[in-house]
Amino acid sequence: MRNYADKQDLILSQLTDKHFQHRDFSGCDLSGIDLRAVDLSGVNLMGADLRSANLCGSILTGANLKEVNLYEANLTNADLTQANLCGAFLRRSQFNGSNLWGASLCAANLSEADLSAAKLVEASLIEANLERANLTGANLCGAILVEANLTHANLTGADMTWVNLTAANLTEAQLWDTNLIYANLRNTIMPDGTIQYPEIVFIS
């Protein structure tokens, strides 16, 4: 246990040292690490294991999180502006209040994730799995959700203005007070199972 703790302390010191030459932690085992309020902007964490890690309030602007494992990780109020999370495993992770503006989340697994009040403006969520995700009050203005899986997702009060939902699956999703003004719902499967055909719709 002592060796494990020493290793975690060493990794933490390198992650937080902006003068550390490489800051490349791709593929590293960082499971359970406490990185609350740590500035990790630009860090390469591609393929890293961050299961159950605490990243609450951390800054991950421009970080490479492609294919990272963030199962049940805490990213509450984290800054993930333009972060690369393509193919990441984010099931049951907490992103409530987080800033994911312009983030790349293509093919990411966000099933059962808490994204309530998260900022996903202009984020790319192509083919993302958001089954049973909590998106209550989230801002998805201009986001791309082409072929995304939103079955049973909670989108109550979410802002989805100008969202591209082409061929997305919204089966049994909750859309109470959801703003879908100028949303692209072409071939989208709606909550009742019907398929939308107009390219652009206006729903107030």
Side-chain angles (χ1 to χ4, degrees), residues 1 4-5 7-18 23 25-121 123-125 128-140 143 148-150 152-158:
M1 294 297 292
Y4 177 79
K7 179 182 177 181
Q8 293 288 291
D9 288 342
L10 176 62
I11 290 173
L12 181 57
S13 66
Q14 292 175 345
L15 276 168
T16 55
D17 182 3
K18 289 188 176 181
R23 299 187 84 198
F25 297 89
S26 52
C28 287
D29 182 2
L30 303 171
S31 54
I33 195 168
D34 187 349
L35 294 167
R36 283 174 293 181
V38 173
D39 186 352
L40 302 169
S41 52
V43 173
N44 183 9
L45 292 160
M46 181 177 175
D49 185 352
L50 283 154
R51 286 173 296 173
S52 301
N54 190 344
L55 293 125
C56 182
S58 59
I59 301 171
L60 289 147
T61 305
N64 183 1
L65 294 155
K66 186 177 181 180
E67 298 178 0
V68 72
N69 186 346
L70 280 162
Y71 176 69
E72 292 189 343
N74 184 355
L75 292 110
T76 302
N77 295 320
D79 186 351
L80 291 136
T81 305
Q82 295 185 332
N84 183 350
L85 287 148
C86 291
F89 187 73
L90 309 166
R91 188 182 179 196
R92 295 183 181 173
S93 291
Q94 299 174 46
F95 288 93
N96 42 310
S98 293
N99 186 358
L100 289 145
W101 193 301
S104 297
L105 291 145
C106 299
N109 185 343
L110 286 151
S111 58
E112 300 179 68
D114 184 358
L115 290 148
S116 54
K119 297 178 183 68
L120 289 150
V121 177
S124 181
L125 292 139
N129 181 5
L130 290 148
E131 182 179 4
R132 299 185 186 280
N134 180 10
L135 290 146
T136 305
N139 187 348
L140 292 131
N149 178 10
L150 289 150
H152 300 280
N154 188 349
L155 291 153
T156 302

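In this chain, numbering begins with 1 at the start of the sequence shown. Note that this is a predicted model, so its numbers are computed, not measured.
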Scanning both residues in full, the closest heavy-atom pair of D29 with S31 reads OD1-OG, 2.7 Å
Rounding to 0.5 Å, atoms CD1 (I59) and OG (S41) come to a distance of 6.5 Å
For V68 and L45, the nearest pair of non-hydrogen atoms, with its separation, is CG2-O, 3.8 Å
- Message: So does T81 get a backbone contact from the side chain of T61, meaning a donor-acceptor N/O pair under 3.5 Å?
- Response: no
CG of L120 to CG of N139, rounded to nearest 0.5 Å, is 8.0 Å
Shortest non-hydrogen pair, A158 vs L135, comes out as CB-O, 3.7 Å
When rounded to the nearest 0.5 Å, the distance separating CG of N54 from CG of N74 is 4.5 Å
Here the pair of heavy atoms bringing N77 nearest to G97 is OD1-O, 3.5 Å
CG of N44 to CE of M46, rounded to nearest 0.5 Å, is 7.5 Å
Checklist entry - Salt bridge or not for E112 and R91, using N-O below 4.0 Å? => result yes
How about L115 and L130: do any of their side-chain heavy atoms sit closer than 4.5 Å?
yes
**Report entry** More than 12 heavy atoms from other groups under 6.0 Å of CZ on R92
**Finding:** yes
Correct closest heavy-atom pair for S98 and L80 would be CB-CD1, 4.5 Å
Value for CG (N96) from CG (N134), rounded to nearest 0.5 Å, stands at 8.5 Å
In this structure, OG of S124 is separated from CG of L100 (nearest 0.5 Å) by 12.0 Å
- Task: Could you check L50 against I33 for side chain to side chain contact (heavy atoms under 4.5 Å, CB included), going step by step and ending with a plain yes or no?
- Result: CA-CA 7 Å; L50 283 154; I33 195 168; 4.1 Å; yes
In terms of heavy-atom contacts, L90 and A113 come closest through O-CB, 3.9 Å
